[in-house]
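Here the structure is laid out as structure tokens; the discussion comes afterwards.
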Amino acid sequence: MELRCDENDIWTGKAKDPSVPRATYGTAQKMRAAISHKFGRDYQLGTQPWLEHPAVLGKFIGNPSLSVTISQYMVSLRRRKIRAGEAVMSARAMDEPTMKRLWEFAWSTDRKEFGPISRKRKAENPSEWAGFLLRMMLYLLYLLSMLCLLRYDEALRITWADVTFQFRVKLELPFRKTHQYGGIAPFYIYADPDRPWMCLLRAFAIWWLLAHERHEDLNGFIFRKKIGVDGISVSPTDCMTSDSFLECFRNNLLDISVDPRPYGTHSFRRGGCQFLHTVRGWSFRKICDWGGWAENFDNPGTIFKYLLSWNDNPAEAREHYMNPNRPGCDPCYSCGRTCHCG
């Protein structure tokens, strides 16, 4: 990690030549996470910090990647990267207004012919990278990742067998990053008639109808590989890849004139935390339980990294924080109030 990311050579202590590539701070974080996983899982050292054994002198216990020395180096590396001009930031959180625009654009899109599209037609009509069917599948994927606080790889691997349709939708995941040996609590999803663009039950119903038109028996992955302009794979085991998902997401943002560069696959999980807290008024404990953090919540700073970031869209102008005559917000669908007290 030090060899690839640091500005100075670890052997000589001098600055590296400008021609030598340097990895970013984000890469350093991923390298540390991989090392922590290796020591914790394969070597069964757990997730406790690396400390000297209180009873045996000279013996250390815990995860070496979580030592104080490594933590101090990461803080120092981040400071030096920022000083060198690197923008260290997380993916911008998705918000409700952007989701609404994506929803409205999807409904304004016509169905396209099944099959490939020529490069000339792509260049002349950039928005024709997808039709109505594909956009509705993507919107379900966006909304599911956002409201259920799922990682993109968890959402992509959901199958029709994991979903039960009744007066509500019951989603039972057979896998999660934090629950690799089972014991995953199910998600219960209800209708939201006041916000159709945020209604996950409605999105599920629409995609079920559209998918049933293409495939008589629904089985296998819900989110299939993109075929042509407005088609999906007929193979039940052919799911959408993460690269294809990210490409489609960026094209979708360009459709509504939103710069896709600050966004990433983690934008929906971060945006879901902020939506549930600021719009729905959920407590931190409720969000942690819903997102799967409650059982092993050993790092309280995690939830705040999801809720706060300078890279996110500002919810309100700073000049109105203490302004008693500031404009009202959208009416509450339950009580009709437009004040900012909630």
Side-chain angles (χ1 to χ4, degrees), residues 91-148 150 152 155-156 189 191-211 213-214 222-232 240-272 274-275 279 311-315 330 333:
R92 176 174 295 177
M94 179 58 64
D95 53 16
E96 184 185 359
T98 306
M99 291 293 290
K100 185 178 181 180
R101 293 174 62 187
L102 290 171
W103 167 263
E104 293 173 343
F105 191 91
W107 276 104
S108 66
T109 306
D110 298 329
R111 292 201 181 192
K112 306 296 181 182
E113 296 179 1
F114 181 78
I117 184 174
S118 64
R119 293 183 178 179
K120 180 180 179 181
R121 188 175 176 183
K122 282 183 180 180
E124 295 175 350
N125 303 282
S127 62
E128 289 195 8
W129 61 272
F132 177 75
L133 183 139
L134 188 61
R135 291 179 191 276
M136 294 312 298
M137 183 189 75
L138 289 170
Y139 194 83
L140 172 60
L141 179 56
Y142 302 158
L143 199 57
L144 184 63
S145 302
M146 184 172 179
L147 295 184
C148 294
L150 301 180
Y152 72 94
L156 287 173
I189 302 159
D192 187 358
D194 298 321
R195 297 185 181 90
W197 54 90
M198 298 299 293
C199 181
L200 187 51
L201 190 147
R202 183 191 299 254
F204 258 119
I206 293 173
W207 180 238
W208 185 89
L209 291 172
L210 293 174
E213 292 179 1
R214 293 294 178 93
I222 294 179
F223 306 107
R224 304 284 182 86
K225 178 182 178 181
K226 177 178 179 288
I227 302 294
V229 182
D230 201 23
I232 56 175
M240 174 175 277
T241 64
S242 57
D243 291 338
S244 178
F245 165 54
L246 185 58
E247 180 185 359
C248 291
F249 175 43
R250 288 171 173 168
N251 287 334
N252 224 167
L253 291 174
L254 290 173
D255 290 336
I256 58 174
S257 302
V258 173
D259 186 359
R261 287 175 294 181
Y263 294 89
T265 53
H266 218 56
S267 295
F268 298 102
R269 186 168 160 88
R270 292 196 64 242
Q274 297 183 15
F275 173 78
V279 180
N311 190 38
D312 297 334
N313 290 321
D330 294 335
Y333 293 110

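Start at 1 with the first residue, then count along the sequence.
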Indicate yes or no: at least one non-hydrogen side-chain atom of Ser242 is less than 4.5 angstrom from one of Thr265.
no

So, Trp129 and Glu247: side-chain donor and acceptor under 3.5 Å apart, yes or no?
no

Go through the steps for Met198 and Glu96 under the test side-chain contact (heavy atoms from CB on, under 4.5 Å), then give the verdict.
CA-CA 8 Å; Met198 298 299 293; Glu96 184 185 359; 3.9 Å; yes

Could you go step by step and tell me if Leu150 and Leu144 meet the side-chain contact (heavy atoms from CB on, under 4.5 Å) rule?
CA-CA 7 Å; Leu150 301 180; Leu144 184 63; 4.1 Å; yes

Quick one: closest heavy-atom pair of Leu133 and Trp207, and the distance?
O-CZ3, 3.4 Å

Treating Ser145 as the side-chain partner and Leu141 as the backbone partner, does any N or O pair qualify as donor plus acceptor under 3.5 Å?
yes

Taking C-beta and beyond as the side chain, do Met94 and Arg270 meet within less than 4.5 Å on heavy atoms?
no

For residues Val279 and Arg195, determine if any side-chain heavy atom of one lies less than 4.5 Å from a side-chain heavy atom of the other.
yes

Whether Ser244 side chain and Thr241 backbone form a donor-acceptor pair below 3.5 Å:
no

Side-chain donor or acceptor of Asp230 paired with backbone N/O of Ala130 under 3.5 Å
no

Validation row, ring centre Phe132 to ring centre Trp107 under 6.0 Å:
yes

Between Met136 and Trp103, is there a side-chain heavy-atom distance shorter than 4.5 Å?
yes

Mind running salt bridge (charged side-chain N to carboxylate O under 4.0 Å, His left out) on Asp192 and Arg202 for me, showing each step along the way?
CA-CA 8 Å; Asp192 187 358; Arg202 183 191 299 254; over 6 Å; no

Any donor-acceptor pair under 3.5 Å linking the side chain of Lys100 with the backbone of Leu102?
no

I need the minimum non-hydrogen distance between Cys248 and Met240, along with the two atoms involved.
SG-CE, 4.5 Å

Measure the CG-CZ distance between Leu140 and Arg135 for me, rounded to the nearest 0.5 Å.
15.5 Å

Using only atom types and a distance under 3.5 Å, with no angle test, would you say the side chain of Ser267 pairs donor to acceptor with the backbone of Ala93?
no

Are any non-hydrogen side-chain atoms of Ile222 and Met137 less than 4.5 angstrom apart?
no

Would you say the side chain of Tyr139 lies within less than 4.5 Å of the side chain of Asn252, judging by non-hydrogen atoms?
no

Under 6.0 Å between ring centres: does that hold for Phe249 and Tyr142?
yes

Which heavy atom of Gly231 sits nearest to which heavy atom of Arg214, and what is that distance?
CA-NH1, 3.8 Å

Could you tell me whether the side chain of Phe268 reaches within less than 4.5 Å of the side chain of Leu143, counting heavy atoms only?
no

Value for OH (Tyr263) from CZ (Arg92), rounded to nearest 0.5 Å, stands at 5.0 Å

Minimal non-hydrogen separation, Pro260 against Leu254, with atom names:
CD-CD2, 3.7 Å

Check: Phe275 and Asp95 side chains under 4.5 Å, non-hydrogen atoms:
no

Verdict with reasoning, Leu134 to Lys226, per side-chain contact (heavy atoms from CB on, under 4.5 Å)
CA-CA 8 Å; Leu134 188 61; Lys226 177 178 179 288; 3.2 Å; yes

For Cys148 against Ile189, the heavy-atom pair lying closest together:
SG-CD1, 4.2 Å

